[in-house]
2 protein chains.
Amino acid sequence: MTTGIGNSPGRTSYRHGDLRRALIGAGVTLAQEGGPNAVVLREATRRVGVSPNAAYRHFADRQALLDAVCSHCQALVARAIEADQATVPPTDSIESARLRFRAVGTGYLRFALEEPGQFQTAFSASSDMESATSAARAGDSGFTPFQLLTLALDDLVAVGLLPAERRPATEFLAWSAVHGLAELFIDGPLRALPDSVKQDLITRVVDMVEQGL
Amino acid sequence: MTTGIGNSPGRTSYRHGDLRRALIGAGVTLAQEGGPNAVVLREATRRVGVSPNAAYRHFADRQALLDAVCSHCQALVARAIEADQATVPPTDSIESARLRFRAVGTGYLRFALEEPGQFQTAFSASSDMESATSAARAGDSGFTPFQLLTLALDDLVAVGLLPAERRPATEFLAWSAVHGLAELFIDGPLRALPDSVKQDLITRVVDMVEQGL
DNA sequence: ATCGAATGTGTACGTTGTACACATAATGAG
DNA sequence: CTCATTATGTGTACAACGTACACATTCGAT
């Protein structure tokens with residue numbers, strides 16, 4: 001019975017039905033529990049209820065699985081950003097653009113604090129500029145975290161909050177500041193800071209970026 | 001023969017003489033070649049010419065070895081910063097303070113580009129605020145990278161370039177921006193950028209920090 | 001109905017971290 | 001100097017991991 005798609009562990013059918021997706025799901029959970037190093041191929045297959053080698057029908061090797069998990073985690077980051085952006089009121093279009101820009105940073109950092117393992121995995125190795133815009137890493141809006149940042153900056157220029165001549169490469173500056181704080185929070189020296197201090201630092205880093213661009 | 005201290009691999013004596021230091025050295029080389037994950041206990045012992053278990057007389061486990069390697073790598077970062085700071089002329093004390101502050105960022109990022117594996121290892125896990133000021137991680141001046149940054153900021157306040165009321169927590173803001181760029185360079189999406197663009201981004205990030213504090 | 005392609009299993013090997021028992025060298029007390 | 005103690009290195013062993021190879025089962029097209 002239950003020969004259909006999406007068999008759970010403990011299935012009776014020989015075929016799984018959707019093993020690739022199931023393995024990625026298990027991998028995302030492992031990433032959540034312990035970061036990229038915890039994404040262990042054998043453990044993923046175990047949780048899905050399949051033999052270790054079954055994974056090789058869907059992924060060339062462990063790294064390929066990790067890459068897929070990484071993409072999935074980046075999509076989660078995108079969703080976190082979108083969620084923060086969704087809260088800004090569309091009253092004033094200038095102030096709105098400013099707040100939507102800030103929401104990229106706060107959403108990014110909120111996710112880093114809420115799901116450190118997945119965040120670390122999202123940006124662990126193997127992502128170059130091409131893959132930073134790949135569809136597998138997009139959120140509900142269809143944009144990757146990097147694209148959401150780029151769009152927010154374009155809007156800043158459009159409403160006149162950022163001079164066009166300063167625009168080039170600003171995504172990398174903004175990203176650096178926010179990503180760096182996330183790293184220092186997660187396994188850097190700021191790990192043990194009380195949450196209120198962390199929240200304050202988030203605000204101040206985004207302030208710095210807004211002022212420093 | 002050669003029963004003294006500091007036996008090399010291929011030694012004839014039963015005792016090694018300075019195994020702890022030798023293992024850290026091998027670990028630092030491994031870190032240089034492949035980052036924190038390449039710091040493999042058995043490989044370190046192999047390179048030193050000793051049986052795997054000999055390491056356990058000097059380190060509780062692999063993590064303890066990695067921690068020591070990490071400290072050593074942070075000391076290398078400190079030295080890189082000190083080297084950049086040493087190049088600023090002491091003519092104008094105000095301009096000098098400003099340049100010494102910038103040198104913290106440029107030295108940090110230069111090291112990240114020159115020795116990505118060691119840089120990654122230096123800031124991989126297990127360092128909290130106490131250990132960020134531990135002596136094992138200091139450079140020639142006796143200061144850790146974090147302490148060098150703190151001192152540079154204090155100087156900025158002393159010469160009047162940074163208002164005292166803005167001083168608190170600025171080390172974390174500056175560190176975030178610079179550390180984030182380093183991470184994006186090393187295994188983030190900026191990995192494949194041509195070197196000239198990277199150099200430009202370094203300047204612009206330090207500009208942003210200087211302006212945004 | 002049958003054959004090939006897709007997908008899962010079983011067995012096996014090399015590597016890693018590490019526990020436990022043992023061997024040997026340095027050191028200090030008599 | 002002798003000898004016991006302590007520090008340090010070795011040998012064997014085991015579980016877990018990634019993954020190669022051969023085999024089994026099922027799906028789909030003819």
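First the proteins, then the strands, lettered A, B, ... as listed; each starts at 1.
What separates CZ of F59(A) from C1' of dG8(C) is a distance of 15 Å, to the nearest Å. Between the P atom of dT18(C) and the CG atom of L66(B) lies a distance of 11 Å, rounded to the nearest Å. One atom, CZ of R46(A), and another, C1' of dG8(C), lie 17 Å apart when rounded to the nearest Å. Rounded to an integer number of Å, the gap from CG of L30(A) to C1' of dC17(D) is 13 Å. Atom pair L41(B):CG and dA19(C):C1' shows a separation of 13 Å (rounding to whole Å applied). Between the CD atom of E43(B) and the P atom of dG14(C) there is a distance of 18 Å, given to the nearest Å. Rounded to whole Å, the distance from CD on Q63(B) to P on dT16(C) is 18 Å.
Between D18(A) and R21(A) a salt bridge is recorded (basic side-chain N to carboxylate O distance below 4.0 Å). Ion pair D154(B)/R167(B) flagged as a salt bridge, since at least one NZ, NE, NH1 or NH2 atom sits closer than 4.0 Å to an Asp/Glu carboxylate oxygen. Ion pairing between D155(B) and R98(B) fails under the 4.0 Å rule for side-chain N and carboxylate O.
Within 3.5 Å, no donor on the side chain of R62(A) pairs with an acceptor on the base of dG18(D), nor the reverse. In the interface, the side chain of R42(A) is paired with the base of dT19(D) through a donor and an acceptor atom under 3.5 Å apart.
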Hey, can you pull the donor-acceptor pairs under 3.5 Å for the side chains in residues 116-123 of chain A, sequence neighbours left out?
unit_1: Q120(A); atom_1: NE2; unit_2: D187(A); atom_2: OD2; d: 2.9
unit_1: T121(A); atom_1: OG1; unit_2: G117(A); atom_2: O; d: 2.7

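Side-chain contact annotation: D67(B) with Q63(B), donor-acceptor N/O pair under 3.5 Å present.
Taken from CD1 in I24(B) to NE2 in H72(B), the straight-line distance is 7.5 Å, to the nearest 0.5 Å.
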Can you name the atoms? Protein N/O to nucleotides 7-9 of chain D N/O, anything below 3.5 Å, with the distance.
unit_1: dA7(D); atom_1: N3; unit_2: R15(B); atom_2: NH2; d: 2.7
unit_1: dG9(D); atom_1: OP1; unit_2: H16(B); atom_2: N; d: 3.3
unit_1: dG9(D); atom_1: OP2; unit_2: H58(B); atom_2: NE2; d: 2.7
unit_1: dG9(D); atom_1: O3'; unit_2: R11(B); atom_2: NH2; d: 3.1
unit_1: dG9(D); atom_1: N7; unit_2: R57(B); atom_2: NE; d: 2.9
unit_1: dG9(D); atom_1: O6; unit_2: R57(B); atom_2: NH2; d: 2.1
unit_1: dG9(D); atom_1: N3; unit_2: Y14(B); atom_2: OH; d: 2.8

